[in-house]
Amino acid sequence: MITLGFSGNLEREMQSAISSYKMVLNTLRMVDETGPVPNHSNLSQALVQLNSQGSGGWSAIRLWDETSVLYEDNCIGADLTHNMPKADGSCGISVCSDAQGGKHIKISAYLSTAGDDLRLDQCYDISPLYAQRNEQLRIYRRVFLIMVVSCGVLSWALAYWLTRPLSALSKASKRFAEGNLSYRAEVRSQDELGDLTRDFNSMAEKLEENIETIQESAARQESFMGNFAHEMKNPMTSIIGYAELIRGQMLDEREQMDAANYIFSEGKRLESLSLKLLDILVLKKNQVKLQPAKPSQIIGSMVQHLQRVYAEKGIVLRCRAQDGWCMLEPDLVKSMLVNLLDNARKAMDKGGNIYIVSEMTDEGCVIRVHDTGRGIPPEELSKLTEAFYRVDKSRSRAQGGVGLGLALCNEIVKLHDGSLKFESRIGNGTCVTAELKGGRI
């Protein structure tokens, strides 16, 4: 734009200079034709008057074939030689510089007089035009430099702002790889990068939950193996010890009988342990076929069968069952009730009451076993269904428990798409609720 503007202004200056030059040239020709005596002084005087009126800048009149100057005004000290043909109408125009670096438009033309062939040279100062262009270029360079710096800073800031979420994601992934599973990337925008950050955090949260689940499962397995080894160790040690005594023939008949009884009881305990473990494994790997059954009939039959046995231990066994049909596996429900009643019995040292309540629901039935035993601490309730877990380990072992009853009950309830819940207060007993959702008939 600066170059085009300068070219236009220079063209206008040249047109203006040519017009002014033609006016001076025509004036000199008229002076030469109308003067009383044709001579050079008449032309010089006319040129002086024209220059005083501002008709031109520097002026000179010289002979055509000689370098001698007949008249010169305001010499600019520049080589203004033009190679032009000697003919009317011939004209030369150019841009030249003076000794001080100023710029001028120089015009030369053939001037025929009565006495000699002359050449008229005139210069018009256009230094302000070049100065204006140079100032515009200087401003342009400064503005261009400022714009380059500003655009560079803006580009850097924009790139930093756009890539900052990616840097945060990279930092989060490194922290995650280092084992800091709780670290999350901060969501800084609502665009695609923000969505990517939210998806990464969601993935990290799910991964953390899965890893925690795996760790908990590994811990439970480790605890299971430790408890299983411990449960096997004690009876096996006793069996081996008493068997060694019998082999040594150092016992009388009564002591041999006691040792044999102890070996028998410990063997039965190992048998019970193995059978319950087998039941749990089988239930986890197989699907059972539910069939129509009446929970009230199952509960009533079991209470009638166990009532006398429990009464001998000072425990009153009662039931209240709502009549109705639902989809159950009767043998598994009986096994569940036996284990729940056995746990309730072990919770009462000096007798008490056990109540079994059954209610029909739209999805099946709910069975509650409530005892008036010593109760369970609140912090222990969430661990009751873990294999080999016992609230009072010494008391349970003395009573023949191995900590698998509630784990077995939990698997039976899961096969009926239900859940097992515990409510207990120290000194006020425990209520176990088995919700079975096999379906209602």
Side-chain angles (χ1 to χ4, degrees), residues 209 211-235 269 272-277 279-281 283-284 306 310 313-317 332-333 335-357 366-416 418-436:
E209 292 177 357
I211 291 178
E212 289 179 353
T213 302
I214 293 173
Q215 291 175 344
E216 291 176 359
S217 177
R220 286 195 299 268
Q221 290 179 1
E222 184 178 357
S223 176
F224 176 86
M225 294 303 298
N227 291 328
F228 179 76
H230 183 73
E231 292 295 333
M232 295 289 291
K233 177 182 177 181
N234 289 338
R269 180 180 174 189
S272 175
L273 172 62
S274 62
L275 290 176
K276 286 193 175 182
L277 282 175
D279 288 341
I280 292 175
L281 293 175
L283 289 177
K284 285 185 176 180
L306 297 176
Y310 277 58
K313 299 180 180 181
I315 299 174
V316 178
L317 187 60
L332 291 181
V333 174
S335 179
M336 179 190 72
L337 289 173
V338 168
N339 282 280
L340 292 179
L341 292 174
D342 190 51
N343 280 344
R345 174 187 63 80
K346 294 174 182 177
M348 293 179 286
D349 299 325
K350 299 179 180 180
N353 298 310
I354 298 177
Y355 303 96
I356 305 176
V357 179
V366 174
I367 300 175
R368 294 184 177 88
V369 178
H370 186 276
D371 65 69
T372 58
R374 52 183 173 271
I376 303 173
E379 63 273 10
E380 306 288 341
L381 294 177
S382 61
K383 306 175 185 178
L384 294 177
T385 57
E386 295 180 8
F388 295 110
Y389 184 80
R390 290 173 294 213
V391 177
D392 191 338
K393 296 177 177 56
S394 60
R395 188 190 302 269
S396 297
R397 186 174 289 111
Q399 295 173 337
V402 293
L404 292 174
L406 291 179
L408 182 60
C409 293
N410 189 50
E411 294 300 326
I412 293 173
V413 171
K414 286 182 179 179
L415 290 174
H416 290 80
S419 60
L420 199 63
K421 299 178 182 178
F422 301 90
E423 298 177 9
S424 183
R425 294 180 61 184
I426 299 297
N428 291 331
T430 302
C431 179
V432 182
T433 302
E435 187 176 5
L436 307 180

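One is the number of the first residue; the rest follow in order along the sequence. Owing to the predicted nature of the structure, the values given are computational and were not obtained by experimental measurement.
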Closest approach of [X] to [Y] (non-hydrogen atoms, all atoms of both residues):
X	Y	result
K346	R374	O-NH2, 3.0 Å
S424	G429	OG-O, 3.2 Å
M348	N353	SD-N, 3.8 Å

Rounded to the nearest 0.5 Å, what separation is found between the [atom1] atom of [X] and the [atom2] atom of [Y]?
X	Y	atom1	atom2	result
C409	L340	SG	CG	4.0 Å
K421	R368	NZ	CZ	9.0 Å
E411	L406	CD	CG	12.0 Å
Q215	I211	CD	CD1	7.0 Å
L420	K414	CG	NZ	10.0 Å
I354	I315	CD1	CD1	5.0 Å

Residues in side chain to side chain donor-acceptor pair (under 3.5 Å) contact with T433, at least two apart in sequence or another chain: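 With neighbours one apart ignored, the set is empty.
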Heavy-atom side-chain proximity of L384 to N343 below 4.5 angstrom: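 When only atoms from C-beta onward are counted, N343 and L384 do not touch, as no gap falls below 4.5 Å.
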Heavy-atom side-chain proximity of H370 to V357 below 4.5 angstrom: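 No; the side chains remain at least 4.5 Å from each other.
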Main-chain N/O of E423 paired with T430 side-chain donor or acceptor, under 3.5 Å: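 Checked: no pair found.
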T372 (side chain) donor-acceptor with G352 (main chain) under 3.5 angstrom: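 It does not hold such a pair.
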